[in-house]
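Structure, as structure tokens:
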Amino acid sequence: MARLAQTAGLTDIQQEILSTVRDFVDKEIIPVATQLEHRDEYPQQIVDGLKELGLFGLMIPEEYGGLGESLLTYALCVEEIARGWMSVSGIINTHFIVAYMLKQHGTQEQKDHFLPRMAAGDIRGAFSMSEPALGSDVSAITSKAVKDGDEYVLNGQKMWLTNGGTSSLVAVLVRSDEGHPEGTAPHKSMTTFLIEKEPGFGEVRPGLTIPGKIDKMGYKGVDTTELIMDGLRLPADRVLGGATGRGFYQMMDGVEVGRVNVAARGCGVAQRAFELGVSYAQQRHTFGKQIAQHQAIQFKLAEMATKVEAAHAMMVNAARKKDSGERNDLEAGMAKYLASEYCKEVVEDAFRIHGGYGFSKEYEIERLYREAPMLLIGEGTAEIQKMIIGRRLLEEYRFQG
């Protein structure tokens, strides 16, 4: 991969970070990823290694003990990690969405309390908007917070928490009608709460239960869970930003970071699939020559490489847009949509190149084939991305008649 997915204009520090991460991926992740994935085993040794590298503090400001790096640096690190094993990138993604939301929207007390320990990796973050019945319709959230003196009482069920069990801090979006009269738009009566809990499963604090891991087709190793709140009491100072009614906007800001992350994951998985495909094509022989010498395979490789390059370029553009302080929902939506779709296609082509061996669990491409579909739905489906893109295009190209 000396030529594909290169990024122009990186600083020496960024190049050094990426070189370190790539070396870690090649030595510590790729050799064990498939074995751990087949056992659905949490990669504790890998996570400890990422902690030693300081990656849990990559985007957290230096004043809180982090490295203070950009979203671009983070996205490029995610791309490298997902190239090794996508589940590991999921472990740090939710952590950074919560850290980003705290950095952008938290009170000074919340930043001082959480960010230094998040930078050190001592607190791991998770977040949740989804619920069992709502899918992509965030406005249909039914989980609710009710004010009771100096506290809030939370009730409801949340779904699809990545790091739900291993995390110790969860940002949860719920309805909070207090201070918002009847008829208020749903997105203006939502609040993000910061819930501290013990890692593990079962009742992890009074009123809060993590039932157990959801068994998944792919994306194994990382724990994906439900979260059940039944009379969970939280002090008012655990409202993100200190005021109710802002949760939807805070979460959407975090999700823009998440969409760049999912795009980066798609790029990383697609890169690995291309590496596996082009390598196998030069080892397998049919009709007296390498299958790489057959025109049909060369066409596949050409299409795969072009998709890897295009997805990477769009992901980098979306990250740089966010880093500039500009609105990037259009670019993030495009990058997430294209990278996830192209990832699926590149993985399938690599699977086809492997022929019958691609169906064997002995070959790494089998794992990638089960992992790629998650990217089609994570942080919003393709249909949601196209809706966002379409609306933003109509804003940008409003007819002046």
Looking just at side-chain N and O atoms, do T191 and T244 make a donor-acceptor pair shorter than 3.5 Å?
no
Above 12 or not: heavy atoms from other molecules or residues under 6.0 Å from CD of Q295?
no
State plainly whether the residues K216 and D40 are in salt-bridge range, i.e. N to O under 4.0 Å.
no
Going by distance alone, is a donor N or O of one side chain under 3.5 Å from an acceptor N or O of the other, for D253 and H105?
yes
Pairing donors with acceptors under 3.5 angstrom, does anything connect the side chains of E203 and T209?
no
Compare all side-chain heavy atoms of I91 with those of P43 and state whether any distance is below 4.5 angstrom.
yes
Donor on one side chain, acceptor on other, E326 and S324, under 3.5 Å
yes
Using the ring-ring contact (aromatic ring centres under 6.0 Å, His included) criterion, which residues pair with Y369? Sequence neighbours excluded.
F351
Start with the C-alpha gap between E196 and S168, add the side-chain angles, then the distance that decides, and say whether side chain to side chain donor-acceptor pair (under 3.5 Å) holds.
CA-CA 6 Å; E196 295 174 87; S168 45; over 6 Å; no
Whether the S279 and Q283 side chains hold a donor-acceptor pair (N or O, under 3.5 Å, no angle test) is what I'd like checked.
yes
Are more than 12 heavy atoms from other residues, nucleotides or ligands located less than 6.0 Å from atom CD of E109?
yes
A side-chain contact here means heavy atoms from C-beta on lying under 4.5 Å apart; do Y280 and Y363 qualify?
yes
Does any pair with a residue in residues 227-237 pass salt bridge (charged side-chain N to carboxylate O under 4.0 Å, His left out), and if so which ones, sequence neighbours excluded?
D148-R233, E151-R233
Can you list everything that forms a side chain to side chain donor-acceptor pair (under 3.5 Å) with Y42? Sequence neighbours excluded, please.
none
Cation-pi geometry met for K307 and Y342 (6.0 Å, 45°):
yes
So, Q157 and E131: side-chain donor and acceptor under 3.5 Å apart, yes or no?
no
Checking R124 against S167: is there a side-chain donor and acceptor pair closer than 3.5 Å?
no
Salt bridge between R3 and E309, side-chain N to carboxylate O under 4.0 Å?
no
Got a salt bridge between E348 and K300, using NZ or NE/NH1/NH2 to carboxylate O under 4.0 Å?
no
Check this for me, if you would: do E80 and R22 make a salt bridge, where the nitrogen-to-carboxylate-oxygen distance has to be below 4.0 angstrom?
yes
Step by step, would you call D323 with K321 a salt bridge (charged side-chain N to carboxylate O under 4.0 Å, His left out)?
CA-CA 5 Å; D323 283 333; K321 190 86 167 181; over 6 Å; no
Around K213, counting heavy atoms of other residues, nucleotides and ligands shown, do more than 12 lie under 6.0 Å from its NZ?
yes
With a 4.0 Å cut-off, would you call E366 and R370 a salt bridge?
yes
Stepwise, does the side chain to side chain donor-acceptor pair (under 3.5 Å) test hold for E226 with W160?
CA-CA 6 Å; E226 301 173 65; W160 305 119; over 6 Å; no
Looking at K322 and E256, is any side-chain nitrogen of the basic one under 4.0 Å from a carboxylate oxygen of the acidic one?
yes
